[in-house]
Amino acid sequence: MLSWLLATPGRLYVVATLLPLAVFALLLIGGGVRAVCRPYRETHGFARFCYFFLGGHKPLKSGAYLATAGIAASAVLAVIGLVRFLDDSHALSPIEVEHRWAERTSWAEVGATESGPAIALDLGYRIDHLTALLFAMVACVSTMIFVFSLGYMHDEMEETHEDHEAHVKRPGRYGRFFLFLSLFCFSMLNLLIADNLFQVFISWELVGVCSFFLIGFYHERRSAGLAANKAFIVNRIGDAGFMIGLAIIWTYFGTFNFQEIFTKLASDGPPMPAYLFAIAGIGVFLGCVGKSAQFPLHTWLPDAMEGPTPVSALIHAATMVAAGVYLVGRCYPLFSPDVRLLIAYTGMITLFLGATIALVQTDIKRVLAYSTVSQLGFMMLALGIGGWVAGLMHLLTHAFFKALLFLGSGSVILGCHHEQDLRKMGGLRRKMPITAFTMLVGVLAIAGTPFFSGWYSKDLILSNAMGFALHDNQHMALFIVPLFTAGLTAFYMFRLWFLAFTGQPRDHASEHAHESPLTMIVPLMILAVPSIIVAWGWPLWDPHSSSLAHLLEHAKPGMANGLDREDETHLAGWLALAAAALGVTTAVFIYVLKKVDPASIQAKAGALYGFLKEKWYFDEVYDAMFVRPTIALGFCSARFDKKSTPAAQAEVADRTMNVTSLDGVLNVLGLGTLAIGGKLRVTQSGYIRRYVTVLMVATLAFVAVFVAVYFVG
Amino acid sequence: MENADDMIEHDLILMSLVIFAPAAFGLLVLFFPPKWTEAVRWCALIGAAATLILSLCLLIDYHSLLNRQSDRGLRSMHHPSTQLDARIDESMRRDTNAVRWPQIGDDLVASVPWISRFDINFAIAVDGISMPMIVLTTLILFFAVIASWGIEKNVRAYFALLLVLETGVLGTFFATDLFLMYVFYEIVLIPMYFLIGIWGGGRRKYAAIKFVLYTLVGSVFILVAIIGLYFTNVRDFVDTATVDDRAAERMKENPRLSKESAESREYHTFSIPILQRAGQAAMLRLNGQGDRLADRDSKTEGKVNILGRGVKTEDAINRMNQPFFSANFQYVLFLLLFVGFAVKVPIPPLHSWLPDAHVEAPTPISMVLAGVLLKLGGYGIIRLAYPICPWAAEELSLFVGCLGAFAIVYGAFVAMGQTDFKRLLAYSSVSHMGYVILGFAVWSTGAKSQYWAWGMNGAMFQMIAHGITSAGMFFVVGVIYDRAHHREINGFGGLMTTMPLYGGLSAILFFASMGLPGLCGFVGEVFVVLGTWNYNPGLAIPAILATVVTAGYLLWTWQRVYLGVSTNPVNSTYPDVTAREAIVLGSFCLLAIALGVLPQTLVLAWMEPSVTAQVEALAKLKP
Amino acid sequence: MTELGLTPYLCLGAFLFCCGLLCIATKRNAIGILMGVELVLNAANVNFVACARYVPQFALEGQVFALLVIVLAAGEAAVALAIILNFYNNHSTVDVDKADELKG
């Protein structure tokens, strides 16, 4: 085992990936055995032993510790792996690195014929700078979030937990939470190390299903169930596009391996018609649109906030939603210039959309959710305009500060006894100082304050956008909108912070708020550090010399070179800073100095306010355009297929002709036969004489016909 | 490898045991006193378990057969001599050689004359196409017996019928003789009729009659095709020695036979491999490539070696003026076989019997119906319709593919509109079996034939996966039906809270049915879709988009049944699954996970060589 | 004496057959119908025997079948009379028109 592990350094990553899976399997088996034994605990000694050994009625704490230990071990391995990989990539040639840090094995092979060997679907890993960095980030952030959850999910430790929203009493589900988190970590890490699209797709769906279960964690609440379904189905739409992309790639490249595809592309160009290449790119991108909550499939992400806050932090802010961005970066050569433009515009629309809606939300988690949508839009935009490094760097920095912000909001929510409405908070700075301070770090980072990590990445994105826009004037919007949105971002983030932490408590919940326990504060403090320093480089004040950017530069696909038209004058950076400053100032005016009453603005711009408050009416429109028609179509097809009848009338219905449904039409065949039989029945009179006469006449007729045919013919 | 003294055909004994062991146990339970219901159940369980174990032994045998010929290279399990056609040919040669060589006892091919006047044999064999179906059958039946523990009405007759049903299904999968296959195929019908008609729900008689009538219509189509096949003279596809042997025998039996009819050397058979060769020759002739025909031992490149040894190509071509080798006959034959089996699959619009039968059948019977009986249809198409009429199959492949894609989409939408849990599952079966049909249809040749191989393998895998998930899902419904005594989706709610273990296990099956990676449903679907794009993107896109609808209706059901809080207080009093139920559900879940994670090791390794070989044999008919 | 040839025998057979058939078709009395059946059978017998005499291939078959028919006729008469008796016991008549329980 150990020798297998040491044979190739890359296997470190395999172990780090599989550890959470092992934990998941252990927890699953343990929970399953306990549940099976539960009804027999009174009657069977062995069942009793198993049941109480595995925790009995109370949720098992050790499972959560095991899961945390598992992911912590993964994080340690990830950091070791990162260091060793950076060493190797310095010292060794690319071929040697490839040899030491990539392996694959076939998962299914089909089609070995005399004319050729089988084509195989592979599983494998390949580590490059991008994977190594993201892997370390995911593992470390996950560890922090696991530790945080140990405290945050403490309610679930109770033997009977009362859900105040759904008004039910149920057993606590502490273990189940960590079970799904572990599975999620495995899937996410697997997604990152995958060396082929197929493996990415597998992990893609798996993270989706983990997200489904975690959003629906409080499944007694109707809203949670609906949100979970929405998330999964919307993602499925994206995944259908992904699948189309996969099918095209499979048909024309015959492989899913990234390196093989890119080599083929680099040497011979796309082996298919240009439009198909574009469709393949759009298909893969559609998958990313779904997962990264981009317009028009962004509607699921805010609803996903129904899940527990650590889930929002881990899955719906730091890692899973970023997977779409990661995949766009990974598959970069698959996108033709047109598709890249599409990506850029999608990003632009999304970032604006998200920011505007975030302006007026009052639920602390929803503000953060829309800010996530908006930031993901920034990343997509960057990738679309050729800023490969900028987009992925923002992905990394955003993961840290957004996880921090979400965990901070979790701390606030717990402190305020599950109150999430910003309007009822206020003055929490004194009651929860550490939370307030760490969240301020996050807010400063996301607003793009100099020397915080967000500044470096956002600056890079905007200077890329400016370069792109200057080069091609008709795409000026791609620079103006993000610039404006940078100001909005600063405004709504500070609005959140001011509303929550400054002023006087506006509700008894915030009056009786208290600082959270150590297990929750320590992760906050730890996460605050990378939120500041992760993108530092030398000189510190030059955003373009971030060391993170230099590391990412190594992983950049060859074709992305020369696409980035970085603006060297730092003008974009200064403009962004100005916009952010403007945003902060406005926030200070409105929420601290109270020069302007927000209510009066609401009253003046009532229609706009309503429009934003209702999230641009996307949900309503989709509901009317897609959901209802689909369900209606379902019921219509069901009616077309078969007319259902109540059981009482079934006997009659079976005997009546009914041609309004497919089943009815087929039944008519049977009923018709029955009717003809009924008519023919009369001829069976029972009189022998008649039978014999018919027989005679028929025979004579036959003879006559034969004779006639014989003589005439 | 062979031992001349070894005259015992071990494989005949083993295969016959697998086929008839269930029926034997079924008869045995009839001799129990009526009061011993518990003993009857255990006896049936032992019977089903014995069959399962025997079939697994057979699987190991088959695996070692492949392994013996393995060249440890890239095509390690693909040795041509392990193919069914080659093995049966070898067996026939041994049988009719002037100095009869002993049969080999481990080639998993066996034939015993049954009605020799018409050359009807009790001919059975296994290969990679039938083997998975056989194991699936024994597996599902084993769990169905466990699931039948709650049956109280006339227990002896119930288990006897169930086990006889198993014999019928297994026989159909084993048979390499059309007549034998047809007989077994029909045997399935009778127990099923009674099982639905006696142990079913409120409208059981209606459902049972509907099931029988629809299936009988299909059977009639098949019967006509079989008769048509039998009346074809296939002497060119059998070794000349065998034909001479047969003629001499005829002369000996009937000395008054006129010289000409004895000399005409007509050869009629029900043997599936021989008919497959004839069909392939028909395809070559209709494509104007008759000159590519060559006898089996010929080594020339680019030839199709399907003629019997000693047959001259020119003579064979000259003799191809029978109706069998005409385009119309091939069309009719294909349509007869295809439609006959399509009823069983079922493909819309011939699926109307399925929802009724499912809704009325008791839980274990629904499991068998969805898990096993539907596979008879798919098996018939891949075993008979495609190889025997390849020309028509190729000409009509777009039509077949469209039917498959239509079934996928139509089934999914109709399922969405159901309010009865079981009926919803019945339509989801229609939708999932559509992938099977689509996978068969994606005919491609030359280097692209690999994509067809993906489609075919995907279709086969989808049959296995659907067998497991649908049987599991029907059991899921059965569990809740036992408690609630209704199946209205809207009447449930909050079961995840009330019955957490049940909810957890159901979740795995739901997602397996939805095609989540890592679970069995995914493998088949993705193989089929990957194979389809190459054939026709217009078919691939609906198949892909239907996955969204599938997720839609399954998750909607999931939400209504398991999530939330039930408005009906009764729902919160249901006890969680018992150990017996947990074993069945857990086993299905384990199978779903195992097949989803390790498809290559568990299934593809031994299934794929046969399926791919069939694809290869058919694909090379049209370069 | 010259041979009569096959034709007269066949004509006789046909005549007998027609008589029998008419008898079956017109009689309402069960005994009468039975007699009609006997006539039909004997018409066949005449043909068999005649063929045995005149057609070489059927030399043996014709006689064998004639014997078979005679045996069959005897059996049939026994069974039919038993049925008629039973029928008479139940309906106090041998009028076949009264036997209409199997009417569709």
Side-chain angles (χ1 to χ4, degrees), chain A residues 31-32 35-36 38-40 106-119 166-168 170 201-202 205-206 209 216 219-222 224-226 229 232-233 236-237 239-240 243-244 246-248 250-251 630-631 633-639 641-642 647 650 654 662-663 666 670, chain B residues 74-75 78 202-203 206 213 349 352 355 410 413-418 447 449-451 453-454 457 494 496-497 500-501 504 511 516-518 523 527 529-530 532-534 540-541 544-545 547-549 551-553 555-556 559 562-565 575-576 578-579 582 586 599-600 604 608 612 616:
Chain A
V36 173
R38 191 182 163 85
Y40 301 96
S106 87
W107 178 67
E109 18 186 314
V110 161
T113 59
E114 278 162 17
S115 50
I119 339 179
H167 308 291
V168 279
R170 58 168 174 85
F201 185 75
I202 291 182
E205 295 267 315
L206 282 179
V209 82
H219 53 69
E220 283 81 7
R221 303 177 189 167
R222 187 175 152 72
L226 286 174
N229 274 358
F232 196 85
I233 292 169
R236 262 273 155 143
I237 296 172
D239 292 351
M243 195 72 219
I244 290 177
L246 285 185
I248 298 178
W250 182 245
T251 305
T630 308
I631 292 176
L633 184 59
F635 278 98
C636 286
S637 343
R639 173 62 186 76
D641 191 78
K642 193 173 177 67
D654 291 347
L662 186 64
D663 184 54
L666 289 168
Chain B
L74 284 171
R75 285 161 51 86
H78 293 68
R203 296 173 70 197
Y206 173 77
L213 281 182
S352 265
Y410 181 77
F413 271 109
V414 177
M416 183 171 267
Q418 300 303 322
S449 70
Q450 288 210 338
Y451 290 99
W454 281 94
N457 280 293
M496 192 77 190
T497 318
L501 179 61
F511 278 95
L516 185 83
V523 184
F527 280 20
V529 167
L530 290 183
T532 307
W533 188 279
N534 172 58
I541 290 173
I544 292 171
L545 291 182
T547 58
V548 180
V549 185
Y553 71 75
L555 287 186
W556 195 28
Q559 180 202 334
Y562 293 89
L563 306 184
V565 185
D576 208 339
T578 63
Q600 177 76 32
L604 284 175
E608 191 259 348
T612 307
E616 198 185 355

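Each chain gets a letter, A, B and so on, in the order the sequences are listed, and its residues count up from 1.
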Side chain, backbone, both or neither: which part of [X] has a non-hydrogen atom closer than 4.5 Å to chain A?
X      : result
B/D576 : neither
B/A540 : neither
B/Y553 : neither
B/T532 : neither

So, taking the atom named [atom1] in [X] and the one named [atom2] in [Y], what distance separates them when rounded to the nearest 0.5 Å?
X      : Y      : atom1 : atom2 : result
A/L246 : B/W533 : CG    : CH2   : 11.0 Å
A/R170 : B/M496 : CZ    : CE    : 11.0 Å
A/T251 : B/L530 : OG1   : CG    : 7.5 Å
B/M416 : A/C636 : CE    : SG    : 12.5 Å
B/W556 : A/T630 : CH2   : OG1   : 11.0 Å
B/L563 : A/L226 : CG    : CG    : 9.0 Å

Using a 4.5 Å cut-off on heavy atoms from C-beta on, say whether the side chain of [Y] contacts that of [X].
X      : Y      : value
B/V529 : A/M243 : yes
A/W250 : B/N534 : no
A/E109 : B/L604 : no
B/Q559 : A/R222 : yes
A/V110 : B/Y451 : no
A/D641 : B/F413 : no
B/L555 : A/I233 : yes

Minimum heavy-atom distance [X]-[Y], with the two atoms named:
X      : Y      : result
B/P349 : A/L666 : O-CD1, 3.2 Å
A/G32  : B/L501 : O-CD1, 4.2 Å
A/L206 : B/P517 : CD2-O, 3.6 Å

Using a 4.5 angstrom heavy-atom cutoff, name the option from B/G518, B/G417, B/G586, B/G202 with the most pairs to chain A.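 Most heavy-atom pairs under 4.5 Å with chain A: B/G417.
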
Hey, which of [options] has the most heavy atom pairs under 4.5 Å with chain B?
options                : result
A/A35, A/G31, A/A247   : A/A247
A/F232, A/W107, A/F201 : A/W107
A/G225, A/A224, A/A108 : A/A108

Is A/V36 in contact with chain B via its backbone, its side chain, both, or neither, using a 4.5 Å heavy-atom distance? both

